[in-house]
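Chain letters run A, B, ... following the sequence lines, proteins first, then strands; residues in each count from 1. All of these numbers come straight from a predicted model, not from anything done at the bench.
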2 protein chains.
Amino acid sequence: MTAPPSPLPDAPLPDDAELLRLDHQICFSLHAAARAFGGVYRDALKDLGLTYPQYLAMLVLWEEPDPQPVKAIGERLRLDSGTLSPLLKRLEAAGLVVRERSAEDERSVVVRVTDAGEELRERALPVPRRIVAASGLSLQDAFTLRGLLERLTENLDASQAGQAGER
Amino acid sequence: MTAPPSPLPDAPLPDDAELLRLDHQICFSLHAAARAFGGVYRDALKDLGLTYPQYLAMLVLWEEPDPQPVKAIGERLRLDSGTLSPLLKRLEAAGLVVRERSAEDERSVVVRVTDAGEELRERALPVPRRIVAASGLSLQDAFTLRGLLERLTENLDASQAGQAGER
DNA sequence: CACGATTGAGTTGTGCACAATTCAATGGGG
DNA sequence: CCCCATTGAATTGTGCACAACTCAATCGTG
């Protein structure tokens, strides 16, 4: 909401080149950090036979005892069916989940974790510890980072929404 | 929505479950932020006919007047030839760059920006401004974020390197 | 000089992300 | 009640990311 447009007309305005440079470095850093995270998760999850996005999907499913509709998983992970459908099919092929049409609404497909999927959960428990250790951030920094990232995402999403449909 | 687990200031003890939750939210946030960034760039770059990674590659090429070897671009972006080769081929097909074998080292391929590529640079100038605006972060926050991300990436990379080859 | 190791691009195969489309099930308004 | 807009999944097509591999050019050492 608070968008400081230009409080100081002749402020120590970082000139264009400076702004652009900073921007580039942030998108670079974010890109690099996301991929570095992916690499560490790749190593940590190799033994479990999961990819990072598959792991995220399993986390969502493990969170609740009841089967969850594909729609709900997509909203949680901010992914659409084009990404989730094949991913869930691979999880089903691995025997970790089953997908079945909902009885109440035949359009909906609910995903249930199998016994094998629950067993995998046990083996996945030590994973986050490894990641936290690898990140090397203090709790304080982690909180700061998470807060900034969430604010950033919120802003970016709002900006994009305003850009597209709009009313 | 997401109900913060324990807002009690009295029991901030980060037991395992707490740590794991935090970790998950950070990887979630990072993932989400990276994709939100991608979405905003997608909009901003649509008119230029560039994808976000293609834009990053062009930024590297625009930075220096001389043609740059594929190797150097890959080191700058932390991408390997498996990703860069097809990407650069698409940029070449779009007429923005040309790739030619280096005279000194026949193994190396250098990438040169064409006149059309230089013209595109002019049209790309306003893009970063839009991104900075969309991010809605103050300069202060942007610096903090960049610092945390770089430290995070460094730690993750180091951890992964120690994990893998190592003798 | 010769030969084996290394280097730099490229190719292949798998999986993620997203736009656009398809299709059946559902639900609301005339 | 019927038609039609909406919804939820899935499919198709493009592009990125990475591992594993191929192949030619280069380098180093005997």
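- By the 4.5 Å heavy-atom criterion applied to side chains, B:Arg121 and B:Met58 are not counted as neighbours.
- Rounded to whole angstrom, the span from the CG atom of B:Asp80 across to the P atom of D:dA20 amounts to 12 Å.
- Residue contacts shown for B:Glu104 are limited to sugar-phosphate atoms, with no base heavy atom under 4.0 Å away.
- Comparing B:Glu106 and A:Arg101 along DNA chain D, the residue whose closest nucleotide (by nearest heavy atom) sits nearer the 5' end is A:Arg101.
- Rounded to an integer number of Å, the gap from A:Glu92 CD to C:dG15 C1' is 18 Å.
- Counting atom types as modelled, A:Ser85 pairs no side-chain N or O with a base atom of D:dA9 as donor and acceptor under 3.5 Å.
- A donor-acceptor contact shorter than 3.5 Å links the side chain of B:Gln54 to the backbone of B:Thr51.
- Using a 4.0 Å heavy-atom distance criterion, B:Lys46 is classed as making no nucleic acid contact.
- The backbone N or O of A:Leu96 sits less than 3.5 Å from a side-chain atom of A:Thr114, completing a donor-acceptor pair.
- If B:Arg107 and A:Pro86 are placed on DNA chain D by their nearest nucleotide, the residue sitting closer to the 5' end is A:Pro86.
- Note: NZ (A:Lys71) to C1' (D:dG8) measures 7 Å, nearest angstrom.
- Both the sub-6.0 Å distance and the 45° axial angle are satisfied by A:Arg76 relative to the ring of B:Phe28.
- Contact of B:Ser81 with C:dG8 (side chain to base): no donor-acceptor pair of N or O atoms is detected under 3.5 Å.
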